Every structure is written in C-alpha cells, then in structure tokens.
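Just so it is clear: chains get the letters A, B, ... in the order the sequence lines come, proteins before strands, and each one is counted from 1. If you're wondering where the values come from, they're calculated on a predicted model, not measured in any experiment. Atom set for the values below is all heavy atoms of this structure, side chains included, hydrogens, waters and symmetry mates excluded.
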Amino acid sequence: MELQHVNIKIFVDGDLRVDLQQVVDVFHRWIAEQAMDELLIDVADYRHVPAGPGVVIVGHEADYSLDNAGNRQGLLYNRKMPISGSNADRFNQAFAAAVKACNLLENEFAGKLRFNRQEFELLVNDRCLAPNTVETLEACKPEIEAFLDSLGQTNAVVAHDTNGRRRFSVNVALNSPLDFGVVLSS
Amino acid sequence: MKASNRRWKEILDGHLPDQLAAEIDQFETEIELRRQGKIDEKVFAETRLRRGAYGQRYDNGQRHDGTESKTLAFPEVESKGPNTVWDAPGMLRIKIPYGGMTPEQLELMAEIAEEYSDGIAHITTRQDFQLHFIHIDDTPTIMRRLAAVGITTREACGNSVRNVCGCPFAGVCPDEAFDVTPYADAYTQFMLGHPDAQNFGRKFKPSFSGCQQHACGLAAMHDMGMVAELRDVDGKQVRGFRVVVGGGLGAVPRQAKLFDEFMLPEELLPTTQAIAKVFGRHGEKKVRSRARMKFLIDKWGIEKFKEEVLAERQKLKEDPRWTEYLQDIDQYEEKPSRPPSELPPVNGDVRYANWVKTNIRDQRQEGYVTAAVALPLGDLTGDQLRSLADIIREFTNGSIRTTVEQNFVIRWVSKSDVPALHAALDAVGLSEPGASNILDLVACPGTDTCKLGISSSRGLAAELRMRLTAKSYELDEAIQNLHIKISGCFNSCGQHHVADIGFYGVSRTVNGFKVPHFQVVLGGQWEENAGSYGLPVVAIPSKRIPDALERITEFYMRQREAEEPFAKFVKRVGKVKIRAVLDDLTQNLPKPETNPDFYADWADPRQYSLGDIGKGECAGEVVTQYEFQMTSAERMVFNSQVKLEDHDVQAAGDSAYQAMITAAKALVQIQYDDVTGDPDEVVEEFKDRYFDTNVFLDPFAGPKFANYFFAAHQSAGREFSDDSAHVLIEEAQLFIEAVHTCYNKIRTEGIETTGVSK
Ligand code: SF4
C-alpha cells in the first residue's frame with residue numbers, strides 16, 4: 001500500500017497564548033524569506049472559523065498551518081506533492097518538516113509557545129490511497145512502527161480514529177519526550 | 001497534485017452520468033493537449049473557465065512582499081492561460097443550482113475541501129461553492145467525484161450561463177406566489193451546455209424569485225430575473241413570471257428592465273433560448289468591459305431588444321424540453337420527516353433567544369420553520385459539512401439550500417425540534433445568531449485570493465464582525481437590521497450596491513505611499529429583489545472604516561424620522577450631509593514612520609501595494625465559437641489516435657470522422673450560426689458556402705482536402721480496419737489544417753462572416 005500526502009500535526013502544549021494575528025505576520029515573513037524547504041505562496045486566514053484550519057501558509061509541495069481542527073491547536077504539515085521512497089520515508093519526511101516548523105515558531109514566540117514532544121497525529125490526506133479502515137491500519141502498521149523506531153520510540157501507543165467518514169489517521173503517544181534538535185539534525 | 005487521480009478515474013468509471021463523464025474526459029484530454037502545446041493558451045483558459053477552473057492571485061508567478069515583487073519559483077511554468085503559471089494554485093467554482101443540496105453532496109464537498117483544498121469550503125454570493133488553492137491537474141478527479149453525486153462545475157465561470165440562483169425558501173415561504181424550484185431546475189438543465197449559449201462575449205446570470213417584495217433571488221441585478229406571480233384568468237389562478245433583463249452590478253451597475261409583465265411557464269425556456277441567441281449574436285465581443293447584456297440593451301433600448309428576441313423566438317424549432325418538465329412539477333414537492341408541532345417557549349438563554357429571533361422563520365406550512373445557518377464570511381470546514389449532513393438527516397428529509405448571503409437554510413424543521421437543532425448546530429460551531437442582519441456581513445474574496453482585489457474585503461469584514469459582535473446586544477433594532485456588504489474592488493462580487501452600507505476597495509496615494517481605502521456606498525436596497533442601488537459617498541482609508549461605520553450608524557440613529565428605513569433616510573438627508581460626518585476621516589493620515597499600520601491592509605502586515613493585481617478572469621477570454629469548435633475537432637483527432645493505439649479501430653475511425661464534421665461545422669457556423677450538428681446538413685452547408693464558391697480551394701492541393709471530407713461522409717458508419725482508420729485519421733488532420741487555412745483566408749480577405757440566419 002503506497003501512502004502519499006502524509007500529514008503530521010504536532011499539538012500545542014497547554015493553551016495557545018499567542019495572538020494569531022502575529023502568526024499571520026510571521027507566516028508572511030516566512031514567505032518573503034522562503035523560510036521552509038518547499039515553495040511558499042500565500043497565507044490563508046481562517047481565524048473566524050470555529051475548530052478550523054486557523055492560519056495556513058499555502059505552499060506548492062506542502063501547506064503549513066497553526067490548525068485548530070477538533071478544537072486542538074497544533075502545527076499541521078500537509079504534504080501535497082507525492083514523493084518517492086517507502087511509506088516510512090514519507091512519514092519521516094513529513095515529521096521532520098513539521099518539527100522544523102514547530103522549532104521555528106517556538107523561536108518566534110519564545111516563552112509563549114511550546115509544542116508537545118510526546119503526542120502527535122499522523123494522517124493520510126487521500127481517501128482513495130488510504131481508506132479509513134482497520135485494513136489500512138493493519139497494512140501500514142509495520143511502516144508506522146519502523147518510522148517510530150527511527151525516532152527511537154519502540155513503545156509508542158498508536159490509536160486509530162475509526163470514524164470511517166474521516167481521513168485515515170492515528171494519534172501517536174510517545175513513551176518519552178522527543179528532542180526536536182535530534183530530529184532536526186538526523 | 002494527487003497520486004490517486006488515475007485510480008479515481010478507474011473507480012468511478014461507469015458510475016457517472018454518461019454526458020458528464022464524457023465532458024470530464026474531454027477536459028482531461030484538453031489538459032493533456034495544452035501540456036503538449038497543442039491548444040492555444042487563450043483557448044485553454046476559456047475552456048477551463050467554462051469547466052469552473054478559475055485563476056487565483058499570484059498565479060502569474062509573482063508576489064509582492066511589501067517591498068518588491070518576487071518570482072515564485074514554481075517547478076512547472078508552462079501556462080494554463082495568458083500569464084498564468086501551470087503549477088500555480090487556482091480556484092474551482094462549483095455550481096449549486098438554486099442552492100439546493102443533499103446530505104450526500106455536503107459530505108462529498110467536505111471530502112474534496114479536505115483532500116484538494118485547504119480544508120475550507122466557501123459559499124459565494126451566488127449560491128455556488130468555491131474551493132481555493134486547487135492544482136489544475138486535480139480538477140478532472142474533483143469533477144468526477146462531484147459528478148458522482150450529481151454536481152457539475154460546467155459553466156460555473158467563463159462566458160456562459162452561470163449558476164441559476166433561486167430563493168432558498170422556495171416551496172416553504174409564506175410570501176411566495178408559488179414554488180419556483182421546478183422552473184429553476186428546468187432552466188438549469190435546459191441551458192447547461194445549450195448550443196445557443198456558447199457564443200457569448202461575457203457571462204449571463206439568471207435568477208428566480210418567489211415574490212417581488214423580498215431579496216432572496218435579487219432578480220433586478222441579474223441578466224435575466226424571473227419573479228413568480230399568480231394571476232386570475234377566467235376565474236382560474238394561473239402561474240407566470242414577471243421577467244426582467246439586463247441587470248448587473250460591476251463598475252456600471254444597471255437595474256434590470258421589464259421584458260414581460262407576465263410570461264407563462266410554457267414560454268420561459270424558448271424565450272430564454274431566443275435571448276441567448278440574440279445576446280450571442282449581437283452582444284459585444286471585442287471590448288469586454290461593454291460585453292454584458294445590459295450594454296446591448298443600453299445600445300438598443302428595451303423595445304428593440306424585445307422585438308429582436310420575439311422575432312428570434314418565432315424562428316426557433318420546437319423543442320419538447322420547453323414544456324416536458326411541466327408534467328412533473330409535483331415531484332419537486334418536499335415532504336417533512338417529522339410531524340408538525342409547536343415552538344417551545346424560549347426561556348432565559350439569551351443567546352438561544354437571539355438565535356431564534358434572527359435565524360428561525362415560519363414556513364408556509366403550519367408547524368414548521370426554516371433555520372438559517374450563518375457562516376462567518378461564508379466559510380466552513382469539512383467536519384462542519386459532515387455534521388450538517390447528519391443534522392439535516394436527523395431533523396428533516398435532507399432539505400438544505402445555500403443562500404446569496406453565503407449561508408445555509410435548513411428547511412422543514414418541526415417547531416418542537418428547534419431547541420435540539422440549535423444544540424446540535426452549537427456543538428459544531430454553526431449556531432451563530434444574526435442571520436441576515438448587521439452581523440451577517442457579506443464579503444467577496446478580495447485580496448485574499450482574487451487577482452483583481454484592491455483592498456482586503458474579507459479582512460475588513462472579519463474586523464467589523466468582531467467589533468459588532470462585541471456590542472451586538474447594545475445595538476438598536478434599526479441598526480441590527482442593516483445589511484453590510486463588501487467588495488474588494490468595483491467589480492461588486494460582494495454586491496455592495498444592494499446593501500444599506502456597502503464598501504468597495506480602492507487605493508489612494510498619501511504621503512507618497514499607497515494606502516488601502518474603501519469607497520463608502522450608501523442607501524442600496526436589499527429588499528424588493530435588490531430594488532435600488534446605493535451610491536458612493538466618499539473613499540476612506542481602510543483602517544478608519546470601523547470609525548466611519550460607527551459615525552454613519554450614530555448619525556442615522558440621531559437623525560432618522562420615526563421608523564424610517566436606512567435607504568429612505570439616506571435619500572432624505574442627502575449625500576452632502578452624510579459626507580460631512582465622514583470628511584475628517586479622509587484627512588490627516590499619520591505619517592508612515594509614526595503609524596505604518598495605516599499603510600498595510602487588514603490582516604496583512606505587508607506594506608500595501610497594487611503589485612499583486614493581475615488580469616482578471618471574471619470576464620473570461622473572448623474565444624469565438626470557431627475557436628471552440630476547432631479545439632473540439634482537434635481533441636477528437638487526438639482521441640482517435642489514442643483509440644488506435646488501444647486497438648479500438650472502430651472508435652478511432654468514428655472519432656476521426658466526427659472531428660471532420662466538427663471542423664466543417666466550425667467554418668459553416670461563422671456564416672450561418674443556426675446550423676445543427678446533423679452531418680448531412682453540415683456537409684450540405686459546407687459544400688454550398690465554401691466548396692462550390694471555391695473559398696475552400698487549397699492553392700496547392702486544390703479540392704483534395706474537401707474531397708477527403710466528402711468521402712468520409714459518404715462512407716459514414718462503415719467498418720474500419722487498422723489501416724483504414726489510420727488513413728482517415730491522417731485525412732482528418734489534413735482537413736482540419738485546411739479549415740484553419742480557409743478561416744485565415746476569410747479573415748484576411750474580409751469575406752462576410754457575421755451570423756446569418758437562413
Ligand atoms: S469584487 Fe473585485 S476583488 Fe471582489 S471577487 Fe470581484 S473582482 Fe475580485
């Protein structure tokens with residue numbers, strides 16, 4: 001089973017204490033500086049939508065957002081362009097990109113914003129490639145485990161959201177906090 | 001771009017209506033041909049527009065970051081239209097005729113918003129949906145998935161008959177003459193892709209309204225507006241429509257003019273067809289700012305326009321579809337899923353009480369109400385769409401419509417269910433009170449995504465909404481009932497002309513810097529189907545618009561007489577006095593170094609500039625009928641090659657022959673636009689007009705290419721072998737080239753080419 005369009009959402013630790021207008025400002029600057037590895041194009045501002053995508057940087061290969069889906073704030077990386085390699089490679093790529101954005105945002109809002117190092121969500125944004133079924137979970141479990149292994153996490157708890165109308169996603173609870181610096185340097 | 005596109009095609013094969021499936025396949029082929037450079041970019045642009053795939057800001061590959069314009073390094077810069085980069089994200093407009101949707105359609109909309117867009121579905125001021133940041137390569141898949149639930153994007157943009165608007169309360173409104181739904185639906189089906197509606201110089205917007213007094217259908221601002229009326233004829237109640245034509249907003253707004261006081265339903269579709277023919281034939285094609293139907297009516301006067309249309313009407317060949325649907329009117333009647341009941345008393349919950357007051361409306365049917373779902377800026381998420389599908393399944397028979405105020409209306413709610421419905425909506429953030437009042441601001445996309453946007457209409461709307469919500473409980477009822485509408489530029493997609501208080505984006509230079517402004521437009525009339533338009537008063541810097549709004553509303557409260565409505569107040573008091581209240585807001589702007597915020601737009605920290613404004617696609621490219629037909633012919637030849645590769649020799653030969661007929665028809669049509677697709681007629685007309693007159697004679701090959709065509713026609717229906725199909729494909733290609741040569745000759749030698757009826 002080839003999974004593409006992997007999303008990673010790393011949740012904010014505690015309540016969000018950042019004025020989202022400042023996030024809009026930062027995202028515009030990131031575009032001017034082309035601060036990420038992908039081509040960044042525009043900012044979409046959905047602060048007015050309850051439990052919505054929040055503030056999004058729309059890119060060509062991927063979008064980044066400070067997302068509030070499910071009323072949980074978090075940094076969401078949404079890979080749009082397909083990439084080669086194994087599923088585990090694609091999980092790693094998306095995770096590293098999300099961590100990089102979290103790290104940058106933590107530096108932008110030092111003391112006010114911290115991301116959770118022990119919990120994240122992995123989602124596949126394609127219902128055709130990854131129908132939200134137990135079969136999909138079974139098929140990709142070994143590669144999720146391989147990916148978690150590569151993060152040095154062997155006993156993580158992987159919980160599948162079984163709502164068949166939603167996209168395939170799992171919530172990952174790690175047994176020990178991750179060091180973002182290590183993820184970024186590896 | 002999705003990795004699953006090919007798989008979706010296989011999965012949905014055989015599950016779509018044939019016609020829609022064929023059209024989407026065609027579009028996919030056209031995408032491929034454009035990639036290969038075989039379709040001109042201008043023709044491709046109009047082709048994709050007619051499929052609903054629209055341009056978006058920054059799609060020229062440039063973005064101004066406040067100090068300078070920078071190139072966005074898209075991997076693939078091949079163009080999908082003049083000055084439009086292939087890989088740049090675009091917008092997809094999805095038609096929702098008269099706003100009617102089913103739970104399944106809501107669910108599908110949720111899926112595509114999540115998988116292909118940025119998770120948000122947006123409702124427009126003409127009841128369509130729009131998805132932003134879509135890759136052109138994904139559009140055929142999205143179209144297939146939509147078609148599988150009965151939705152098309154065809155003719156959502158471009159120079160075509162756009163979404164047919166209709167009252168969201170049709171069938172349940174206490175004030176309507178009758179339910180306009182069946183007529184709006186028949187109109188939609190009949191005009192979709194109609195051959196007589198393919199040669200417009202600009203768009204054509206129709207609308208249906210159930211009564212004259214309310215605003216739901218906004219008939220007066222449409223190219224063709226139908227208002228339901230009942231008349232007593234010989235003691236019997238007869239249905240008909242007051243039909244108005246030539247309305248429109250934009251830089252030169254026009255109220256529609258009366259075409260017929262009472263048109264019988266039997267005449268509605270043939271008259272529309274005749275109007276389309278007259279507009280297609282005589283409407284402006286070259287200067288697109290003068291190409292809407294309102295300008296043709298300006299030029300001719302309504303009487304001459306009527307005469308032309310009625311003369312054309314007489315010439316039309318009878319079409320059973322004009323009246324067939326009238327036998328099935330009853331099938332549109334909706335049934336409730338729960339018995340009628342009484343509304344429980346509203347207790348202490350102020351928020352709920354407020355919601356009931358503004359969002360709940362009695363239906364014509366005793367014991368039932370409609371519930372408006374007010375969406376901030378017309379946006380909602382996939383999760384909300386799915387919840388809405390569940391809610392309408394639970395409380396109704398799945399009856400919901402989008403509105404021109406960018407909201408939903410749930411219909412057939414049994415009154416005793418209202419508290420539970422509110423609770424269900426509240427749980428998913430869909431219980432905003434204030435539907436259709438001052439909190440329910442309408443805004444076009446503006447600088448957020450529109451290539452023509454001058455100022456941030458959505459940014460301003462969000463700001464005003466936040467401020468008004470904070471004090472909504474203090475607002476006088478007269479203020480609460482006002483409508484605010486905002487457009488990012490004079491093109492008026494936010495419908496600012498028909499608001500009590502409207503704004504549209506303009507720019508001014510102050511202290512040597514560009515400053516975003518909004519022109520204040522006051523006194524438009526929302527009721528009576530957009531009965532009159534407001535007029536501009538003064539342009540005010542964007543960041544002072546909240547102050548301007550406060551002053552206008554305070555002035556109104558101080559000076560209004562008794563229950564005087566706002567539009568009347570504006571008329572009585574006059575622009576000079578109102579302007580005096582606002583004048584100082586236009587002066588003494590802070591210097592950029594002391595308050596740089598003034599030199600940036602709402603919710604956008606970049607120093608304001610006009611550097612991102614591009615060429616709009618609102619008007620579409622003016623592509624002639626000839627160019628369209630020839631693109632189809634070339635696509636057919638391409639298809640025949642593909643079929644030959646697949647060893648489907650019969651389909652290959654048939655498609656090559658069809659390509660020849662289509663190319664010949666393109667040529668015939670420039671002289672005789674009534675030609676049908678009947679091959680015998682096409683051949684006869686082609687022979688009369690081009691072959692016998694020697695116009696088609698090739699300077700070197702003589703009649704050779706025409707003879708290929710005649711021979712192909714003579715043996716139409718024959719069985720093909722691999723060889724004969726191959727030969728015919730080559731001949732078809734040569735014939736198409738000869739048609740192009742002939743067309744160029746006609747153009748350069750000035751042979752008469754205006755539409756001539758027989
Ligand atoms: S009014 Fe202007 S800015 Fe708004 S959507 Fe229309 S063209 Fe774009």
Part of [X] lying under 4.5 Å from any heavy atom of chain A:
X: B/Gln384; result: side chain
X: B/His132; result: neither
X: B/Tyr116; result: neither
X: B/Ile11; result: side chain
X: B/Lys70; result: side chain
X: B/Pro89; result: side chain
X: B/Asp383; result: side chain
X: B/Ala462; result: neither
X: B/Glu111; result: both
X: B/Arg606; result: side chain
X: B/Arg458; result: side chain

Does the side chain of [Y] come within less than 4.5 Å of [X]'s, by heavy atoms?
X: A/Arg47; Y: A/Val23; value: no
X: A/Asn68; Y: A/Tyr46; value: no
X: B/Trp8; Y: B/Arg144; value: no

Max heavy-atom pair count under 4.5 Å with chain A, selected residue of [options]:
options: B/Pro376, B/Ala110, B/Ala600; value: B/Pro376
options: B/Asp604, B/Leu380, B/Val428; value: B/Asp604
options: B/Asp448, B/Leu72, B/Leu375; value: B/Leu72
options: B/Asp65, B/Leu377, B/Leu430; value: B/Leu377
options: B/Ala3, B/Gly119, B/Ala88; value: B/Ala3
options: B/Ala603, B/Gly382, B/Pro605, B/Gly429; value: B/Pro605

Exactly one of B/Asp137, B/Thr139, B/Asp138 clears side chain to side chain donor-acceptor pair (under 3.5 Å) with B/Asn5, and that residue is B/Asp138
So for [X], is it side chain, backbone, both, or neither that comes closer than 4.5 Å to the heavy atoms of chain B?
X: A/Arg29; result: neither
X: A/His48; result: both
X: A/Ile41; result: both
X: A/Ala32; result: both

Any Lys/Arg nitrogen of [X] or [Y] sitting under 4.0 Å from an Asp/Glu carboxylate oxygen of the other?
X: B/Glu463; Y: B/Arg467; answer: yes
X: A/Glu2; Y: B/Arg7; answer: no
X: A/Arg127; Y: B/Glu114; answer: yes
X: B/Lys543; Y: B/Asp597; answer: yes

Output for pair (B/Met91 CE, B/Gln56 CD), nearest 0.5 Å, gives 7.5 Å
So, for A/Phe120 and A/Phe95, is the gap between ring centers shorter than 6.0 Å? yes
Exercise. Dump the intermediate steps for side chain to side chain donor-acceptor pair (under 3.5 Å) on A/Ser169 and A/Asn171, then the final yes or no.
Key: CA-CA 7 Å; A/Ser169 76; A/Asn171 188 285; over 6 Å; no
message: Below 30° counts as parallel, above 60° as perpendicular, anything between as tilted: where do the rings of B/His422 and B/Trp355 land?
response: tilted
Assert top hit (heavy-atom pairs under 4.5 Å, partner chain B, pool A/Asp67, A/Val58, A/Asn78) equals A/Val58
Q) Is the number of heavy atoms from other residues, nucleotides or ligands within 6.0 Å of CG (A/Asp15) greater than 12? A) no
